[in-house]
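Just below is one structure, and these are the notes that go with it.
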Amino acid sequence: MSGKRYLGCSFPVLAGIVILMLILLLVGFLAGPVGSKMVLAVGKLFNESFTLPPWLSALSAISVDKPHPTLPPEAVFHIGSFPITNTVIAAWLTVIVLVLLTYFATRRMKLVPRGIQKLIEYAIDSLLSLCNSIAGEKNGRRFLPVVATIFLFVLFNAWLSLLPGFGSITVTGHEGHAVHLLRGANTDINMPLALAIVSFIAVEFYGVKLLGSRLYLSKFLNFGRFFQGMRHLFTGKMKSGISEVFSGVIDIFVGILEAFSELIRLVSFTFRLFGNMTAGEILLLIVVFLAPWVIVEIFFVLEIFIGLIQALIFSTLTLVFLTMATSHGNAESEHGED
Amino acid sequence: MDAGTMKMLAAALAIGLGALGPSIAIGILGFGAMQALGRNPEARGPIGTNMILAIAMAEAIAIYALIVAIILAMIA
């Protein structure tokens with residue numbers, strides 16, 4: 001009957017799909033390791049020699065086997081003595097997808113965008129408004145390349161690793177045993193470390209470039225007050241001299257702590273992204289092993305959301321640290337003039 | 001107690017105790033965000049964005065604990 005449509009389908013079609021999914025869910029759960037053991041235990045309660053019905057044992061035989069996740073990535077082939085791991089191949093795939101997407105967005109550009117051009121313009125517009133809202137109008141456009149690159153690279157790495165093919169296609173590795181051809185690039189600890197190093201170098205570079213090296217480095221090497229205190233001591237003003245020497249020592253200590261906290265950011269960026277992505281991959285593998293076929297769809301939605309959030313976190317934190325590094329001097333001088 | 005048993009116990013303790021602090025932290029952050037949203041419903045955008053940012057920083061600590069547990073249980 002024509003009338004109210006639920007999700008684009010009429011009501012009987014929707015009911016049919018829901019019933020089909022429920023059947024698949026139940027059969028899949030029973031065919032997995034947890035469900036088949038439950039069926040065996042319940043059956044043995046009633047009948048001592050109870051075996052699985054043939055259709056259930058056949059389904060269990062083709063179910064997923066136990067996952068063996070390895071944290072270091074496996075090398076697929078070598079170029080000379082340089083190993084090309086499956087995560088490197090996935091990263092190349094991400095780069096190719098990004099380049100093709102933006103290439104086709106700029107063919108036959110119109111003033112009012114349609115299609116892929118509209119999608120890319122939306123992405124870049126959102127990123128630019130994010131940069132402007134956090135870094136201010138002056139520096140927002142300047143920080144956009146680094147922030148947008150980190151965001152799009154992490155996002156496409158995370159989302160492409162959810163497509164079928166990642167973790168299913170196996171080739172024979174150079175040692176003879178089977179190796180997955182593709183693996184999400186964020187699950188290799190080297191890739192988040194590389195991005196963290198890029199973000200660190202960008203923060204230092206923009207800090208020195210926009211503030212001047214003397215003003216920026218004075219945040220870390222804060223010897224001014226210490227030497228001023230020594231001068232006061234030697235010219236006879238003992239009381240102010242000693243207090244300034246003490247404040248100077250504290251300033252030096254705070255400067256060393258600031259430098260250390262900049263370096264610790266490398267570790268925290270790396271492990272935040274690596275941990276989220278690896279834990280998500282292992283979660284998907286384990287859920288697919290325990291209850292095959294249908295339940296894992298919920299976790300795929302969770303993984304999509306987590307991929308977006310982690311890309312946003314990485315790029316927004318880089319932006320925040322860039323803003324703090326390039327405005328620190330201005331804030332200090334404003335306080336000093338009061 | 002042999003090494004295998006200790007490893008399993010260590011993995012369970014690592015993730016169990018390691019997830020206590022971050023979950024309480026995320027709860028406190030959510031509480032603060034809800035309070036701020038209740039006082040000023042118009043500031044929904046900035047409040048939400050900053051809350052997500054702070055929650056991700058707190059969650060990173062739980063992820064460190066999860067990595068240790070995964071390494072203990074599956075790799076070593």
Side-chain angles (χ1 to χ4, degrees), chain A residues 66-74 126-127 129-134 151 154 186-189 192 196 261 264-286 289 302 305-321 323-324, chain B residues 3-5 7-34 36-37 40-76:
Chain A
K66 193 161 180 194
H68 294 282
T70 60
L71 282 190
E74 304 98 15
S126 321
L127 285 165
S129 77
L130 175 74
C131 289
N132 278 340
S133 79
I134 295 187
F151 178 80
V154 171
N186 289 332
T187 62
D188 175 6
I189 199 170
S261 90
I264 276 297
R265 267 186 234 151
L266 281 174
V267 174
S268 94
F269 270 171
T270 307
F271 277 103
R272 180 182 302 121
L273 181 60
F274 166 70
N276 269 297
M277 292 298 129
T278 305
E281 182 192 52
I282 293 182
L283 174 72
L284 286 176
L285 286 174
I286 289 186
F289 167 63
L302 180 70
F305 181 64
I306 285 188
L308 177 67
I309 291 291
Q310 285 307 310
L312 195 65
I313 293 297
F314 207 120
S315 52
T316 308
L317 277 176
T318 302
L319 187 60
V320 163
F321 291 136
T323 311
M324 276 170 32
Chain B
T5 317
K7 232 182 270 180
M8 281 197 272
L9 196 61
L13 274 177
I15 186 55
L17 293 178
L20 263 181
S23 48
I24 294 184
I26 292 178
I28 294 179
L29 278 169
F31 169 64
M34 294 299 154
L37 202 54
N40 191 4
E42 287 181 352
R44 187 158 172 241
I47 290 179
T49 308
N50 291 319
M51 180 190 86
I52 295 274
L53 206 63
I55 285 184
M57 311 256 345
E59 193 184 3
I61 312 294
I63 298 291
Y64 302 164
L66 183 64
I67 290 291
V68 169
I70 286 179
I71 291 181
L72 275 172
M74 294 197 176
I75 318 275

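Letters A, B, ... mirror the listed sequences (proteins, then strands); counts begin at 1.
- Of the atoms belonging to A:Ser133, not a single heavy atom falls under 4.5 Å from chain B.
- Partner of B:Leu53 under the side-chain contact (heavy atoms from CB on, under 4.5 Å) criterion, out of A:Ile309, A:Ile313, A:Leu312: A:Ile313 alone.
- Contacts between B:Leu66 and chain A at a heavy-atom distance below 4.5 Å involve the side chain alone, from C-beta outward.
- Considering only residues two or more places apart in sequence or on other chains, A:Phe151 meets the ring-ring contact (aromatic ring centres under 6.0 Å, His included) condition with none of them.
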Given side chain to side chain contact (heavy atoms under 4.5 Å, CB included), test A:Phe274 with B:Ile67 step by step and report yes or no. CA-CA 9 Å; A:Phe274 166 70; B:Ile67 290 291; 3.8 Å; yes
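- Once rounded to the nearest 0.5 Å, the distance linking CD1 of B:Ile63 with CG of A:Leu273 reads 10.5 Å.
- Other residues, nucleotides and ligands contribute only 12 or fewer heavy atoms inside 6.0 Å of the CZ atom of A:Phe271.
- Taken from CZ in A:Arg272 to CD1 in B:Ile61, the straight-line distance is 8.0 Å, to the nearest 0.5 Å.
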